There are 2 protein chains.
Amino acid sequence: MTSIKDVAREVSLSTATVSRALRGLRGVSDENRTRVTEAAQRLGYVPSPSAVGLASGQTNMVAVIVPHVSRWFFGEVVQGAEEVLRAAGYDLLLYNLAGEPAARHRVFQTGLLSKRVDAVLVLGLRPTAQEQARLAQLGRPVAIVGAAATDLYSVSIDDELAARLATTHLVDLGHRRIGYVGGSLDTLDYIAPSARLAGYRAVLRERGIRHYRELEDVGEFTVAGGGAAARRLLTGPERPTAIFAASDEMAIGVLRATRELGLSVPGDLSVVGIDDYELAEFFDLTTVAQPVREQGRRGAERVLAELLGVRRRTESEVLPVELVVRASTAPPATER
Amino acid sequence: MTSIKDVAREVSLSTATVSRALRGLRGVSDENRTRVTEAAQRLGYVPSPSAVGLASGQTNMVAVIVPHVSRWFFGEVVQGAEEVLRAAGYDLLLYNLAGEPAARHRVFQTGLLSKRVDAVLVLGLRPTAQEQARLAQLGRPVAIVGAAATDLYSVSIDDELAARLATTHLVDLGHRRIGYVGGSLDTLDYIAPSARLAGYRAVLRERGIRHYRELEDVGEFTVAGGGAAARRLLTGPERPTAIFAASDEMAIGVLRATRELGLSVPGDLSVVGIDDYELAEFFDLTTVAQPVREQGRRGAERVLAELLGVRRRTESEVLPVELVVRASTAPPATER
DNA sequence: ATGAAAGCGCTAACAT
DNA sequence: ATGTTAGCGCTTTCAT
């Protein structure tokens, strides 16, 4: 392992000058900078991150805390964040919670992150008050991505608005019995589900549409869960003419289950989702599109800006959503 | 930031003893070990990874190099690897290549990883000879996951076997015009595509079935790509009665495109995939199942074992695959 | 513009 | 069982 000393010896300069030259600091003659750069290149010198970290106090690493790596949404966000971090020379330390409370506790509550990373990206979940306190005491830039936060910077969409767009679209088409498929309500830290449910209910209320509690079901944000929920809703007493699913994956489950029951989409049932994910266009799913990868990019850019000393604007960012109408929605067949 | 010195002072012992006590090394009285542990806890002491790394030469980090984080397969593998690494106290450094040759070069060719990680997991791609040389000169445990390698340890399935199972199933059902949808052939570093194509061709040859070059198409391992390939195959002159897609995502694209063309599955076309991924059961897709998360776990376990000094067996592991017959395959309608 | 020297916070011999 | 003493490989004053 060639160290900075080797390079210094090679060019007959001190390690201090080599360090300056390599980091592009001023106070090094052009000639020497060139010689140093070349020597480092020639010797295959790469600084030891541990040594740099110890001496400078910066690790050049950013923690990314993700609820489930293998879910489409988070994969996209991670990808976006990674692009930006890599370009800035930061490494990405991945912490996957995988739904385990133990993992969540370990990451947030133990000082684990304190001396390990320069900044933290939290994806898709709203930190508890206690967790926020811990994050704050890290004294490092933190961004919440894909979930709106109050005290911390966050970049997300307006989940309630997204739900409103979807629901309004169905109401405008003439639907009155509109089902809702969302996440389970006890996972309150994940903000999206509750905000989306709220948006759905608000539109019904505002439009003077009777709200049936039996038309709200749980789809767990998975295709299979969406399918199961749809089967329950469609075989129940008050069969809806439309279903709004709080994610595209659940919506696709709904589509599939509907057809399995011998019903047609959008003939017998209209379906709307949220995300505009990979398969949405493919399944002709009407949905509310959100920029997912972009959220990852923004979050990363934000913490980087703070690291570079740009004045911190606490304002969170809310990215635009857009209703994308495809073939899964239409006026209800039987209007009376 | 409380350091080891603070703890040492608190319990009136040397930092060396504190270090030993905290790491569970022998040579510390039970009483002192307890006192140290408690003091550390009380003070909220967490060792500085940089300092540990510098002093011990170990970073407690493992690099995971992944072609595309946002693809289902890799998300699953990462999840499996993360579980194991976390349990062992290692952090996961994620390098996403995102299909960029530049990223690939940076990760493999620059000494980037050398002083940064204790081990490397390479997912889904076969390193070039040059890359292998670089990996070897890291002098650290390396595992290839999800792709068979020759000189390095690897854990994967037998891709050719998987393709054979799928193709044989179709042949046994009576199909003779069997299309193939795979990856593009120029991405040769990704071993799976070529091995799967080879398996498909081999079965046709062995069973004395005429092989039409026009029945092989490119699906790029995406749903959309699979759909496009299917449209080409099904509207061509030699319409196949069955299609074997080298991944479930492509297979689902095939299903969808087939139905869009007004054809039925399996009535007019049988479809088989590989993976048994999330949506396969949901779409009643016949497929060859492979243990994906398990591959991630094995890869991680392997490098950890090497790190702990377990003698390195160079033998690679090949995990079992299994044909899962569902409703997307049946005998061809028109047998003559 | 460059160098000398003092750490950063820990671990690893080597003592005792 | 515990303490002392060197570093690990850098960055960062402070000199010059």
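Just so it is clear, the model here is predicted, and its values are computed rather than measured. Values reported hereafter were calculated over all heavy atoms of this structure, with side chains retained and with hydrogens, waters and symmetry mates removed. Protein chains get the first letters and strands the later ones, always in sequence-line order, with residue 1 at the start of each.
For B:Arg23 and C:dA12, the shortest distance from a side-chain N or O to OP1 or OP2 is below 4.0 Å. Residue B:Thr17 places no side-chain N or O under 4.0 Å from the OP1 or OP2 atom of D:dT2. Between A:Arg116 and the phosphate of C:dG9, there is no side-chain N or O to OP1/OP2 separation shorter than 4.0 Å. For D:dC8, the OP1/OP2 oxygens have no side-chain nitrogen or oxygen of B:Lys115 closer than 4.0 Å.
Picking from D:dG9, D:dT4, C:dT11 the nucleotide with the shortest atom distance to the side chain of B:Ala16 gives D:dT4. Closest to the side chain of B:Ser14, from the set C:dC10, D:dG3, D:dT11, is D:dG3. Distances were taken from every side-chain heavy atom of A:Leu54 (C-beta onward) to each of C:dC8, D:dT11, D:dC10; the shortest belongs to C:dC8. Comparing atom distances between the B:Val28 side chain and each of C:dA12, C:dA1, D:dT2 picks out D:dT2 as nearest. Candidate nucleotides D:dC10, C:dC10, D:dG3 were compared by shortest atom distance to the side chain of A:Val52, and D:dC10 ranks first. Here C:dC10 is the nucleotide among C:dC10, C:dT11, D:dT11 with the atom lying nearest to any side-chain atom of B:Ser48.
Neither side chain, B:Gln295 nor B:Glu76, offers a donor N or O lying under 3.5 Å from an acceptor on the other. A:Glu82 and B:Tyr95 form no side-chain donor-acceptor contact under 3.5 Å, judged by distance and modelled atom types alone. Of the N and O atoms on the side chains of B:Gln130 and B:Gln109, at least one donor lies less than 3.5 Å from an acceptor on the other residue. Using modelled atom types, one finds no donor on one side chain facing an acceptor on the other under 3.5 Å when comparing A:Thr37 with A:Thr34.
Note on A:Arg20: a base of the nucleic acid sits closer than 4.0 angstrom, heavy atoms only.
In terms of position on DNA chain C, the residue among B:Ser19 and A:Ser29 whose nearest nucleotide sits closer to the 5' end is A:Ser29.
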